[in-house]
Amino acid sequence: MMILRHLIIVIGVLAVALSVSAGLVMLERRLLALWQDRYGPNRVGPFGLLQVVADGIKMFFKEDWIPPFADRPVFVIAPMLILITVFMPFAVIEFAPGIVVADLNIGLLFFLAMSGLGVYGIVLGGWASNNKYALLGAVRASAQMLSYEVFMGLSLMGVVVLAGSFNLSEIVSAQKGMWNCISQFPGLVLFTIAGFAETHRMPFDLPEAEAELVAGYHTEYSGMKFGLFFLGEYLGITMTSAMIVTLFFGGWLGPFLPPIVWFALKTFILICGFILVRATLPRPRYDQLMGVAWKILLPLALLNLLVTGAIVLAFD
Amino acid sequence: MLSILKGIWVILLHTFRKRETVLYPEEKPYLPPRYRGRIILSRDPDGEERCVACYLCAAACPVDCIALQAAEDEHGRRYPEFFRINFSRCILCGFCEEACPTCAIQLTPDYEYAEYSRQNLVYEKEDLLISGSGKYPEYNFYRIAGLAINGKDKGEAENEDPPVDVRSLLP
């Protein structure tokens, strides 16, 4: 019985995460269109909802071409790697009381480790493509993700200090009195910025930078391999939003509605926020990106941790 | 920093703006009557073909998409034996309409003639000829230019002025 329950949760999380990230492609196009006073895809099915299916079918039937100059095995492994590392953190997120794949006591560290490993998919993909644009994108991705990783972890330590645990379920239940978005506001801002950089979303999409680098690290990818990179990006958005909800917005906590609905609602709003930021901000220059990370955000994260630690110590 | 938040707020307010897109097949834009779209051949108010097969349209056409062959009926009136426009070449410049001395060839505000096969874009005379007189409902070329009939040349009939010698108007 226990095994069955676990299986259902695992399959459910997989299916929901995959379908959400596929639906996000359509949602993003519709929202971007809305904010640019257009309509976006509204032809296929009601409200253009079947656009997702059409895109999926198209992606599957495209020629999956591997360039002859590419490093074949690595080229094939890279997109899988990116998808796996993005999928893994879903295992430790508690969607509702009891609905969690693996209630790890180091859940937060697991998430940080997986987002750190996510760099490999991009770097290997860019390297194996044997193409200068792909390589430049990959180099940028590695530098950017490493820089933002540092204060991403540090910005979360305030939350850990408040909850006294790395376990995500305990972090959620520690927010019963007050959500962390109030007590850890600097942490929220820092983690959100880091989350944008980790998923290389719009203001920080320098690894892709289609204006300068063709398509960055996935220049040479086509067919479903490109689709996996794409899916990885949208899964990353979902995962980061779910993470922000868990860590700062009280996870499934909320009155009246069932916990799972609260979680989904908060995550959805944050995903829309991701798209809103994309609709607004242009990409910074590369040195600005690195400079901000090391000179401003890292000291801020350290300061936040220091102050939080001092307050917790003083009140204990 | 503040400008970033302000920008995000402005974009969020765009949620409530009117959308600029014209949803084309359901909602069509207004096209003025002189819009340069699909080409037609018109008839004069008596229901005769206006075209006198003078080849001026074919000569004016910059992409050579008009082909025709002149013929004469039993009264000596010229008409095109065939008249062919290749719309896959036509650039809708309207030079043919400008060149036409009898207002026979006209461009209409219709642009929906896409085809799956290129060959279907070659329009023959029966496809081009309409039953009405198009943009110039009263105009009849022969009422103005005169017409020779059996026994009488132009301008020799009663209440008729002799035709103007066009060459005398030259500088």
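All heavy atoms count here, side chains included; hydrogens, waters and symmetry mates do not.
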Exercise for review: Would you indicate whether B:Glu138, at its atom CD, is surrounded by more than 12 heavy atoms from other residues, nucleotides or ligands within a distance under 6.0 Å?
Suggested key: no
**Study point:** Contacts with chain A made by residues 22-37 of chain B (heavy-atom distance under 4.5 Å), listed by residue number
**Key:** B:Leu23, B:Pro25, B:Glu26
Point to revise | Heavy-atom contact with chain B under 4.5 Å, split by part of A:Leu281 | key: side chain
Review point. Can you tell me if OH on A:Tyr286 sees more than 12 non-hydrogen neighbours from other groups inside 6.0 Å?
Key: yes
Exercise for review: Give a yes or no on whether B:Tyr139 atom OH has more than 12 heavy-atom contacts from other residues, nucleotides or ligands under 6.0 Å away.
Suggested key: yes
Side-chain donor/acceptor pairs under 3.5 Å, residues 81-88 of chain B, sequence neighbours excluded:
| unit_1 | atom_1 | unit_2 | atom_2 | d |
| --- | --- | --- | --- | --- |
| B:Arg84 | NE | B:Glu124 | OE1 | 3.3 |
| B:Arg84 | NE | B:Glu124 | OE2 | 2.8 |
| B:Asn86 | OD1 | B:Ser88 | N | 3.1 |
| B:Asn86 | OD1 | B:Ser88 | OG | 2.6 |

Review point. Which residues in residues 8-20 of chain B have any heavy atom lying under 4.5 Å from a heavy atom of chain A?
Key: B:Ile8, B:Ile11, B:Leu12, B:His14, B:Thr15, B:Arg17, B:Lys18, B:Arg19, B:Glu20
Could you pull out all donor-acceptor pairs under 3.5 Å where a side-chain atom in residues 295-307 of chain A meets a protein atom, sequence neighbours excluded?
| unit_1 | atom_1 | unit_2 | atom_2 | d |
| --- | --- | --- | --- | --- |
| A:Asn304 | OD1 | A:Thr308 | OG1 | 3.4 |
| A:Asn304 | ND2 | A:Gln184 | OE1 | 3.1 |

Review point. If you count the non-hydrogen atoms of other residues, nucleotides and ligands that lie under 6.0 Å from OH in B:Tyr113, is the total more than 12?
Key: yes
